[in-house]
Number of protein chains: 2
Amino acid sequence: MSLRHAVLGLLASHPATGYELTQKFDSSLSHAWHASHSQIYPELGRLAESGFVEVVGEGARGSRTFAITDGGRAELSRWMVEVEPTRTVRNETAVRWFLLFLLPPEEQRVVLERELAHTAAEEAMLRELDTVIVEGGGSPFHPTVTLGLRTLPVMRAWLQEQLDALDG
Amino acid sequence: MSLRHAVLGLLASHPATGYELTQKFDSSLSHAWHASHSQIYPELGRLAESGFVEVVGEGARGSRTFAITDGGRAELSRWMVEVEPTRTVRNETAVRWFLLFLLPPEEQRVVLERELAHTAAEEAMLRELDTVIVEGGGSPFHPTVTLGLRTLPVMRAWLQEQLDALDG
DNA sequence: GCCATCATGTAATTAGTTACATGATTAG
DNA sequence: CTAATCATGTAACTAATTACATGATGGC
């Protein structure tokens, strides 16, 4: 389970509430791991029980800010350095691209155009994230943006080639 | 759930046994979706119940070969064209890369070298898959290989840059 | 006053992993 | 003969999604 360590990692750079963590899973971490609030709140509870995080403040509307503990940092390092990474990937978009050839040309075109539009939207999102990061004086999560902005043109080129092949 | 449609997609290009499908999830589809045999066999049963696949032959050791039906093809097209794609991704390797900066330089180096070694192994695997495909007279699953071989250099360059930054 | 967003939680269901279990065939 | 691979299945458990549920705060 990477959720545990993803949450720990987010808290390692900044204390946050469950709500803020949920937002980070939807922005900076969205190309690496997904989790919704119904998973995050119970996980914070379990991490606190294990002594890896602790509540360091309470705010409006019953919000609680969590911070990583020394034990949490140790656990995170251990996981990153010593635990053999699980290489399994789950990416529905990739599945769809790889099955594309099964469709008749006209349907392929529809799907390819949808995907091209999506890469454009994604690029806009990444550029905005990048701006936020630069204005904020640099952030630990730059890799998501950097790698995203570098791999997007490769993806777009492939989609465009498939479209061109349909025409020519 | 993409498993259902991934299985349907694999059967759409070729009838196969559950065992063969399991192998394909570990090779051609490994960068898009993962599934183990304990998930695949029950799914084949459910697909058969829905009338999307059928048994078209029995072989040694109780093996059963499944093929997609017309109904299955229709369902697959519907899913690919009409169903709004789920864009959530789960990739533990990406999580690890994005948390890298949390480690002290010497540990970063260890991890970066492990990851560089992994990209090399992956490239070898992709090249071998590519050879198999070319010798087999071309295969529908070429996109996995093509995109993999194109994105790998981007990944490797990023890893190398991080390493260089540690040194210089 | 009302709508958007902030903020948290739980319950029911479905998906996925790990472990258990069995046996046939084939290459060396 | 024996180890690797082929081939299938189920059970127990863990992870993740979807749906239900509630209420505060702030801007207009």
Side-chain angles (χ1 to χ4, degrees), chain A residues 1-8 10-11 14-27 29-30 32-50 53 55-66 79 83-92 95, chain B residues 1-8 10-11 14-27 29-30 32-50 53 55-66 79 83-92 95:
Chain A
M1 191 201 13
S2 297
L3 172 67
R4 197 171 178 78
H5 298 98
V7 168
L8 226 36
L10 288 171
L11 291 179
H14 231 299
T17 66
Y19 187 80
E20 288 165 341
L21 291 172
T22 306
Q23 288 179 312
K24 283 182 185 172
F25 272 97
D26 285 335
S27 57
L29 224 60
S30 71
W33 205 263
H34 179 260
S36 53
H37 79 276
S38 62
Q39 231 189 324
I40 290 166
Y41 289 112
E43 189 60 50
L44 283 169
R46 285 188 290 266
L47 283 166
E49 255 187 87
S50 308
V53 305
V55 176
V56 291
E58 310 201 1
R61 281 159 284 187
S63 79
R64 288 176 301 154
T65 299
F66 289 85
W79 179 74
V83 178
E84 181 64 25
T86 300
R87 303 292 180 178
T88 63
V89 164
R90 282 207 171 78
N91 182 343
E92 186 185 303
V95 172
Chain B
M1 192 200 18
S2 296
L3 172 67
R4 197 171 177 77
H5 298 98
V7 168
L8 225 37
L10 288 171
L11 291 179
H14 231 300
T17 66
Y19 187 81
E20 289 165 340
L21 291 172
T22 305
Q23 288 179 312
K24 283 183 185 172
F25 272 97
D26 285 334
S27 58
L29 223 59
S30 70
W33 205 263
H34 178 259
S36 53
H37 79 276
S38 62
Q39 232 188 323
I40 290 166
Y41 289 112
E43 189 59 50
L44 282 169
R46 285 189 290 267
L47 283 166
E49 256 187 84
S50 308
V53 305
V55 176
V56 292
E58 311 202 358
R61 281 160 283 186
S63 80
R64 288 175 303 153
T65 299
F66 289 85
W79 179 74
V83 178
E84 181 63 24
T86 299
R87 303 290 180 178
T88 64
V89 164
R90 283 209 170 78
N91 182 344
E92 187 185 301
V95 173

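These numbers come from a predicted model, not from an experiment. Proteins get letters first, then strands, A, B, ... in listed order; numbering begins at 1 in each.
- With contacts defined as side-chain heavy-atom distances shorter than 4.5 Å, the pair B:Lys24/B:Leu29 does not qualify.
- For B:Ser63 and A:Ser2, each mapped to the nucleotide of DNA chain D holding its nearest heavy atom, the one lying further toward the 5' end belongs to B:Ser63.
- Between A:Gln23 and C:dT5 there is no side-chain polar atom (N or O) within less than 4.0 angstrom of OP1 or OP2.
- The shortest heavy-atom contact between B:Gly18 and B:Leu44 is CA-CD1, 3.7 Å.
- Side-chain nitrogen and oxygen atoms of B:Tyr19 include at least one within less than 4.0 Å of the OP1 or OP2 phosphate oxygen of D:dC6.
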Inset, instruction - Go through the steps to decide whether B:Leu8 and B:Val53 satisfy the test side-chain contact (heavy atoms from CB on, under 4.5 Å), and finish with yes or no. - result: CA-CA 8 Å; B:Leu8 225 37; B:Val53 305; 3.7 Å; yes
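- Of the charged side-chain nitrogens involved, at least one lies within less than 4.0 Å of a carboxylate oxygen, so that A:Glu43 and A:Arg4 count as a salt-bridged pair.
- With hydrogens and angles ignored, a donor-acceptor pair under 3.5 angstrom links the side chain of A:Ser38 to the base of D:dT18.
- Rounded to an integer number of Å, the gap from CD of A:Glu92 to P of D:dA16 is 17 Å.
- Atom-to-atom, CD of B:Glu43 to C1' of D:dG9 comes out at 15 Å; the value is rounded to the nearest Å.
- Spacing between atom NE2 of B:His37 and atom P of C:dT18 amounts to 12 Å, rounded to whole angstrom units.
- Counting to the nearest Å, the P atom of D:dA15 and the CD1 atom of A:Ile40 are 15 Å from each other.
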Inset, instruction - Give the B/S/- string for nucleotides 22-28 of chain C, one per nucleotide from 5' to 3', where a protein heavy atom under 4.0 Å of the base yields B, of only the sugar-phosphate yields S, and otherwise -. - result: -BBS---
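- Taking CZ from A:Arg61 and OH from A:Tyr19, the interatomic distance works out to 8.5 Å, rounded to the nearest 0.5 Å.
- Rounded to a whole Å, the CG atom of A:Leu21 is 12 Å from the P atom of C:dG9.
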Inset, instruction - Tell me, with the steps shown, if B:Phe25 and B:Leu3 meet side-chain contact (heavy atoms from CB on, under 4.5 Å). - result: CA-CA 10 Å; B:Phe25 272 97; B:Leu3 172 67; 3.9 Å; yes
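- Remark: B:Leu10 CG to B:Phe66 CZ distance equals 13.5 Å, nearest 0.5 Å.
- A sub-4.0 Å separation between OP1 or OP2 of C:dA15 and a side-chain N or O of B:Gln39 is absent.
- Checking the phosphate oxygens (OP1, OP2) of D:dT17, no side-chain nitrogen or oxygen of A:Arg90 falls inside 4.0 Å.
- Which of D:dA15, C:dG9, C:dA19 sits closest to the side chain of A:Arg64 comes down to C:dG9.
- Whole-Å rounding puts the A:Met1 CE to D:dC13 P distance at 17 Å.
- The base of C:dG16 is not paired with the side chain of B:His34 by any donor and acceptor separated by under 3.5 Å.
- The distance between atom CG of B:Leu47 and atom P of C:dA15, rounded to the nearest whole Å, is 12 Å.
- Between B:Tyr41 and D:dT8 there is a side-chain polar atom (N or O) within less than 4.0 angstrom of OP1 or OP2.
- Residues B:His34 and B:Ser30 form no side-chain contact, since every pair of their non-hydrogen atoms from C-beta on lies 4.5 Å or further apart.
- A:Arg4 has no side-chain polar atom (N or O) that falls below the 4.0 Å cut-off from OP1 or OP2 of D:dA16.
- Counting to the nearest Å, the P atom of D:dA7 and the CG atom of B:Leu44 are 14 Å from each other.
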